[in-house]
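One structure is given below, encoded as C-alpha cells.
Since this is a predicted model, take the numbers as computed values, not measurements.
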Amino acid sequence: MPSAANSRVLSGFLDYLKIEKGLASLTIAAYTTDIGQFAGFLEKGKRTLLNAQRKHVRDFIQQLFANSVDGRSVGRKLSALRHLYRYLLLDKLMEHDPTLNIDSPKQWKVLPKALARDEMEAMLRSPHAVADGKEAEALAARDRAMLEVFYAAALRVSEIVGVKLEDLKLDLGCVLVRGKGDKERIVPLGKGAQDALTGYIKHSRPILAKGTTSPLLFLGRGARKLTRQRVWQMVRAASAGAGRRASPHMLRHSCATHMVENGADLRTVQTILGHADISTTQVYTHLALDRLKSVYQKHHPRAKARE
C-alpha cells in the first residue's frame with residue numbers, strides 16, 4: 001500500500017479524474033493500479049510522488065522492461081504518470097515534471113500476430129453448415145465469402161459489416177471500402193474471394209434476404225444487419241476448426257504479412273489497409289528487410305555462401 005503522503009496525492013488525483021474529467025470507473029481503476037505501482041517503486045528508495053525525479057521514472061520503466069512487461073503496458077503506465085504530474089503542476093504542488101522528455105515505448109513496432117499460410121488456407125475451408133436445410137447452407141456460404149474478403153482485402157470488422165452490394169465491383173475485381181473517418185478506398189479482390197462472392201450472391205444471399213431488400217452485401221437471417229459480435233463469433237468458430245484461435249484483426253494482419261513476405265512494397269500495403277500514415281504500416285518493415293536480405297544473399301556475387 002502507498003505511504004500516507006502518496007495516498008493523499010493519489011486520492012486527490014483520482015477525485016480530479018472522476019469529478020472534473022468525468023472518466024469511467026475502469027479507467028480510474030487502471031490509473032490507480034499504475035500510479036500505485038510507481039509509488040511502491042519510489043517508496044523502496046524512500047521517495048514520494050512529490051519529490052520524484054526524471055531518473056526515478058526512467059529506472060521504473062527499465063524495471064518494467066526487465067520484468068518482461070510489454071511495450072503497450074509500459075506506455076499506458078507512463079501515460080498515467082504524465083497525467084498525474086500535469087495535474088500536480090496545475091495545482092502548484094510541484095515545480096517540475098519528472099516525465100518530461102521521456103520517450104514513450106515504441107509499441108507500434110510490435111508486429112501484430114498473423115496466421116501462417118497453411119493455417120489461413122485451413123480456416124478458409126472451415127465453414128460448413130451446422131444443420132440441414134437451405135438456410136444453414138446459405139449461412140455457411142456467407143461465412144466462407146466473408147472470410148475470403150477479410151483475407152483478400154484486409155478489412156476491419158466495421159468495414160465488412162458496412163459493405164453495400166453496390167460497393168462490390170466483381171466485373172472489375174474490386175470493392176469500395178469506407179474506413180475510419182468515412183475515408184473511401186478501392187481494394188482489389190483475388191480470384192478466391194471473387195468466386196466465393198459470386199456463389200454467395202447468386203445462391204445464398206436471396207435465401208437470407210427472404211424476399212426483403214437490403215443495401216448490405218452480407219446479411220444475417222431475415223436480411224438483418226450483422227453485428228460486430230456475430231462476426232467475431234464466426235471468425236472464432238472458423239479458426240477453431242483450423243486449430244488456431246484467431247480474431248478478425250488477425251486476418252487483416254495475415255493479409256498484410258503475406259503480401260510483404262511475397263514482395264509487396266509498404267506503400268501498396270498502406271493503401272490496401274487504409275492507413276492514413278505510413279508509420280502505421282511500418283510494423284511490417286522487418287518482413288520486407290528479411291526478404292531483401294534473402295534476395296541479396298541469393299543474387300549478389302559477394303554475398304553468396306561459399307560452397
If you count the non-hydrogen atoms of other residues, nucleotides and ligands that lie under 6.0 Å from CZ in Arg236, is the total more than 12?
yes
Could you note down all residue pairs passing salt bridge (Lys or Arg N to Asp or Glu O under 4.0 Å) where residues 160-169 supplies at least one of them, sequence neighbours left out?
Asp167-Arg178
Residue pair Val269 / Ala264: nearest heavy atoms and the distance that separates them:
CG2-CB, 4.1 Å
Answer yes or no: are there more than 12 heavy-atom neighbours, outside Leu26 itself, under 6.0 Å from its atom CG?
no
Judged by atom type as modelled, is there a donor-acceptor pair below 3.5 Å linking the side chain of Thr99 to the main-chain atoms of Arg82?
no
Measure the shortest side-chain to side-chain distance between Leu219 and Leu226 over non-hydrogen atoms and say whether it is less than 4.5 angstrom.
no
Could you tell me whether a side-chain N or O of Thr33 sits under 3.5 Å from a main-chain N or O of Ala29, the two making a donor and an acceptor?
yes
What distance separates His83 NE2 from Thr27 OG1, expressed to the nearest 0.5 Å?
10.5 Å
Hey, could you give me each pair passing ring-ring contact (aromatic ring centres under 6.0 Å, His included) that has a residue in residues 120-157? Not counting sequence neighbours.
Tyr151-His258
Pairwise side-chain contact, Leu17 with Leu14, heavy-atom cut-off 4.5 Å (strictly under):
yes
What's the spacing between Ile272 CD1 and Arg185 CZ if we round to 0.5 Å?
9.0 Å
Correct closest heavy-atom pair for Val161 and Ser158 would be CG2-O, 3.4 Å
If the plane angle is over 60° it's perpendicular, under 30° parallel, otherwise tilted; pick one for Phe60 and Phe41.
tilted
Quick one: does Thr198's side chain have a donor or acceptor within less than 3.5 Å of a partner on Gln194's backbone?
yes
Taking atom CG of Leu90 and atom CD of Glu20, what is their separation to the nearest 0.5 Å?
9.5 Å
Indicate yes or no: does Asp34 engage Arg76 in a salt bridge with an N to O separation below 4.0 Å.
yes
Is there a path from Ile186 to Met259 through hydrophobic residues (I, L, V, M, F, W, Y) whose side chains come within less than 4.5 Å of each other?
no
Sidechain-backbone polar pair: His275 side chain, Thr271 backbone, donor-acceptor under 3.5 Å
no
Do Leu42 and Thr48 have side chains that get closer than 4.5 Å, going by heavy atoms?
no
Residue Asp132 excluded, over 12 heavy atoms near CG under 6.0 Å
no
Linked, directly or transitively: Ile28 and Leu49 (ILVMFWY side chains, under 4.5 Å):
yes
Between atom CZ of Phe13 and atom CG of Leu88, what is the distance when rounded to the nearest 0.5 Å?
8.0 Å
Return yes if a side-chain donor-acceptor contact under 3.5 Å exists between Asn6 and Arg47, otherwise no.
no
Please step through side chain to side chain contact (heavy atoms under 4.5 Å, CB included) for the pair Lys18 and Leu23, ending with a clear verdict.
CA-CA 5 Å; Lys18 184 177 181 180; Leu23 298 186; over 6 Å; no
Does any N or O in the side chain of Ser239 come within less than 3.5 Å of the main-chain N or O of Val235, such that one atom is a donor and the other an acceptor?
yes
Examine Ile201 and Met146 and state if one hydrophobic cluster contains both, with Ile, Leu, Val, Met, Phe, Trp and Tyr joined whenever side-chain heavy atoms are less than 4.5 Å apart.
yes
So does Arg221 have more than 12 non-hydrogen atoms from other groups sitting under 6.0 Å from CZ?
no
Would you say CD of Glu95 has more than 12 non-hydrogen atoms from neighbouring residues, nucleotides or ligands within 6.0 angstrom?
no
Is it true that a side-chain atom of Tyr200 and a backbone atom of Arg144 form a donor plus acceptor pair closer than 3.5 Å?
no
Leu165 with Leu139, same ILVMFWY side-chain cluster at under 4.5 Å:
yes
Between Leu93 and Val57, is there shared hydrophobic-cluster membership here, with clusters defined by ILVMFWY side-chain heavy atoms closer than 4.5 Å?
yes
Within a strict 4.5 Å, meaning less than it, do heavy atoms of the Phe218 and Leu208 side chains meet?
no
Without hydrogens or angle criteria, can the side chains of Gln270 and Arg267 be said to hold a donor-acceptor pair below 3.5 Å?
yes
Derivation of the side chain to side chain contact (heavy atoms under 4.5 Å, CB included) call for His96 and Leu89
CA-CA 7 Å; His96 71 282; Leu89 286 171; 5.7 Å; no
Under a 4.0 Å N-O cut-off, is there an ion pair linking Lys210 with Glu135?
yes
Any side-chain heavy-atom pair of Leu147 and Pro127 under 4.5 Å:
yes
Does a side-chain heavy-atom distance below 4.5 Å link Lys225 with Pro215?
no
Where is the tightest heavy-atom contact between Ala52 and Pro98, given as atom of each residue plus distance?
O-CB, 3.7 Å
Hey, what's the ring geometry for His253 with His249, parallel, tilted or perpendicular (30° and 60° as the breaks)?
perpendicular
With the threshold set at 4.0 Å, does a side-chain nitrogen-carboxylate oxygen contact exist between Arg156 and Glu159?
yes
For Glu148 and Ala196 the tightest heavy-atom approach is CG-CB, 3.9 Å
A side-chain contact here means heavy atoms from C-beta on lying under 4.5 Å apart; do Leu216 and Val163 qualify?
no
Between CG on residue Leu197 and OG on residue Ser204, distance to nearest 0.5 Å
11.0 Å
Where the side chain of Arg54 meets the backbone of Leu100, is there a donor-acceptor pair that is under 3.5 Å apart?
yes
Closest heavy-atom contact between Met94 and Leu50?
CE-O, 3.4 Å
So, does His56 use its side chain to make a donor-acceptor pair with the main chain of Gln53 at under 3.5 Å?
yes
Rounded to the nearest 0.5 angstrom, the CE-CE distance for Met120 and Met250 is 9.5 Å
Can you tell me if Leu170 has over 12 outside heavy atoms packed within less than 6.0 Å of its CG?
yes
Worked verdict on Arg58 versus Ile102 for side chain to side chain contact (heavy atoms under 4.5 Å, CB included):
CA-CA 8 Å; Arg58 293 183 66 87; Ile102 293 182; 3.9 Å; yes
My understanding is that only residues two or more places apart in sequence, or in another chain, count here; which of them pass salt bridge (charged side-chain N to carboxylate O under 4.0 Å, His left out) with Lys191?
Asp195
Is the shortest side-chain heavy-atom distance between Leu155 and Arg252 below 4.5 Å?
no
